[in-house]
Protein chains: 2
Amino acid sequence: MTPARTSTGAAPTRGRRPGRSTGDDREVAILATAERLLGQRPFGDISIDDLARGAGISRPTFYFYFPSKDAVLLTLLDRVTEEANAAAGDVLVRLADDPRARWRELIARFHATFGGHRDVVLACAQVRGTNAEVRRLWAEVLERWVRAVEAAIEGERARGAAPDGLPARDLAIALNSMNERVWYATFAGDGPAVAERDVVDVLLDVWLTAIYRTTTPPVSPSG
Amino acid sequence: MTPARTSTGAAPTRGRRPGRSTGDDREVAILATAERLLGQRPFGDISIDDLARGAGISRPTFYFYFPSKDAVLLTLLDRVTEEANAAAGDVLVRLADDPRARWRELIARFHATFGGHRDVVLACAQVRGTNAEVRRLWAEVLERWVRAVEAAIEGERARGAAPDGLPARDLAIALNSMNERVWYATFAGDGPAVAERDVVDVLLDVWLTAIYRTTTPPVSPSG
DNA sequence: ACGGCAGTCAACACCATGTCGAGTGGAATC
DNA sequence: GATTCCACTCGACATGGTGTTGACTGCCGT
């Protein structure tokens with residue numbers, strides 16, 4: 001019957017039937033092939049046939065596991081954003097202890113996560129233009145990070161460490177957007193880009209000045 | 001023989017034979033059709049046949065005028081970036097007179113230009129991932145703007161209005177990247193975005209704090 | 001009257017995507 | 001031990017977009 005539509009989670013057009021099955025390794029093989037090939041050529045130059053053959057199956061069989069090429073990428077993206085979320089964790093909870101160090105830690109961890117999967121991230125950025133599903137997922141995770149940063153900024157203002165100014169949400173959007181685009185340019189290596197070893201400190205500097213108007217924000221409320 | 005390869009300028013894969021010809025209006029018709037259709041659906045959903053029929057010609061004839069769909073978009077992008085360059089003009093030459101006003105003017109003019117051609121800009125951002133030619137052109141114009149901003153920052157530092165800090169080029173890249181991504185989100189309207197009427201002031205605020213560490217930079221060298 | 005060239009298109013070759021329907025083999029059920 | 005069921009597989013096909021070929025038209029200069 002209609003295969004590959006039931007999906008594991010809430011997303012409608014991704015994955016395969018849930019539960020155990022002998023074909024689990026095939027699914028993994030497809031994902032592995034995709035990630036491997038993304039290291040060699042752009043996503044658009046990888047055909048479904050390439051993914052299928054790489055996984056040792058025929059093209060029609062590919063469709064048993066994924067509804068489309070984009071769905072494979074989406075699964076890959078899911079992993080990366082989950083890893084990023086885990087890496088970011090609760091770095092911002094004890095912000096007041098050492099704001100500069102905490103913000104830097106946050107940016108550095110994202111940098112490490114994305115840098116470790118640059119092929120996937122780059123491919124997603126490309127596909128985002130044409131694929132609504134990828135766009136939606138990315139918007140979702142971005143919204144989450146924006147909210148976290150927004151809350152942190154408001155916290156800093158509440159304790160008097162950061163001055164009032166732009167609406168915290170607008171500022172959070174601007175800063176997150178900057179990071180996204182700067183990382184993209186750095187990893188893609190086309191056009192004007194910040195050197196990879198400098199990028200964390202460059203971003204950090206803009207974040208700190210935009211939030212605190214200084215690169216050495218004050219520590220703890222009454223210390 | 002091989003048509004559509006000589007091009008007007010330096011670019012190798014764009015445009016048609018130079019010189020006068022009765023088919024000039026056809027070329028214009030294709031461009032007009034493209035811009036019109038981009039207002040209705042994404043670039044990927046527009047086929048060469050759509051462009052050809054919209055211009056009143058057959059699909060093979062389209063290839064007499066443009067070597068590909070992307071080349072049409074590239075020509076459209078050329079126009080927009082030229083307009084942006086003209087609009088930006090020499091806003092930064094008398095920066096010291098009223099830095100805040102000048103920077104705002106610069107950002108506002110770009111905003112107006114891009115906003116006036118958002119369909120084209122959005123389409124280019126999408127295609128940039130898959131088309132090296134678009135990527136190259138965009139990198140080129142971005143590099144130009146980065147250099148202008150870099151020089152302006154160095155000027156402000158020289159006159160003592162802005163403190164030292166990040167390398168001016170890195171800062172210029174970061175700020176320009178932020179603008180690009182924030183505008184994209186604002187115009188595309190997907191994901192977290194700044195409201196269109198606020199976006200200039202939000203960007204301005206980050207620019208000023210990053211460059212001057214204050215939103216009210218000092219005027220002219222000696223009072 | 002004629003050669004050449006801008007301009008035009010029907011027909012074709014190609015390639016990637018997605019679908020259909022007919023299998024196959026192993027585990028659970030009778 | 002036969003049977004049924006289902007996860008899983010793929011050959012063959014339909015579709016739709018891209019880019020090319022080769023032949024045709026009409027104008028313009030000689």
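Sequence lines set the chain letters: A, B, ... in the order given, protein chains first and strands last, and positions in each chain run from 1. These figures come from a predicted structure and were not determined experimentally.
With sequence neighbours left out, the ring-ring contact (aromatic ring centres under 6.0 Å, His included) criterion links B:Phe110 to B:Phe114, B:Trp145.
Separating the CZ atom of A:Phe64 from the C1' atom of D:dC8 is a distance of 5 Å, rounded to the nearest angstrom. We find that CG of A:Asp49 is positioned 16 Å from P of D:dT9, with the value rounded to whole Å. B:Phe62 places its CZ atom 11 Å from the C1' atom of D:dT18, with the value rounded to the nearest Å. Here D:dT9 presents its C1' atom at 14 Å from CG of A:Asp25, a figure rounded to the nearest Å. Rounded to a whole Å, the CZ atom of B:Arg53 is 11 Å from the C1' atom of C:dC9. As rounded to whole Å, 13 Å separates atom P of C:dT8 from atom CZ of B:Phe66. One atom, NZ of B:Lys69, and another, P of D:dG19, lie 9 Å apart when rounded to the nearest Å. Protein atom CZ of A:Phe43 is 14 Å distant from nucleotide atom P of C:dA16, rounded to whole Å.
When the side-chain nitrogen and oxygen atoms of A:Thr61 are compared with OP1 and OP2 of D:dT9, none of them lie within a distance under 4.0 Å.
Comparing D:dG19, C:dC9, D:dC10 by their nearest atom to the side chain of B:Tyr63 picks out D:dG19. Listed nucleotides: C:dC20, D:dT9, C:dG7. Nearest to the side chain of A:Pro60: C:dC20. If you check C:dC9, C:dG18, D:dG19 against the side chain of A:Ser68, the one that comes closest is C:dG18.
The number of heavy-atom neighbours closer than 6.0 Å to CZ of A:Arg36, taken from other residues, nucleotides and ligands shown, is above 12. For A:Arg53, the CZ atom sits in a loose shell: 12 or fewer heavy atoms of surrounding residues, nucleotides or ligands are nearer than 6.0 Å. Annotation for A:Arg41: atom CZ counts as buried by contact number, over 12 foreign heavy atoms lying within 6.0 Å.
Contact annotation for A:Ser47: backbone-only contact, meaning every heavy-atom pair under 4.0 Å involves sugar-phosphate atoms and none involves a base.
In the interface, the side chain of A:Arg59 is paired with the base of C:dG18 through a donor and an acceptor atom under 3.5 Å apart.
The distance between the ring centers of B:His111 and B:Phe187 falls below 6.0 angstrom.
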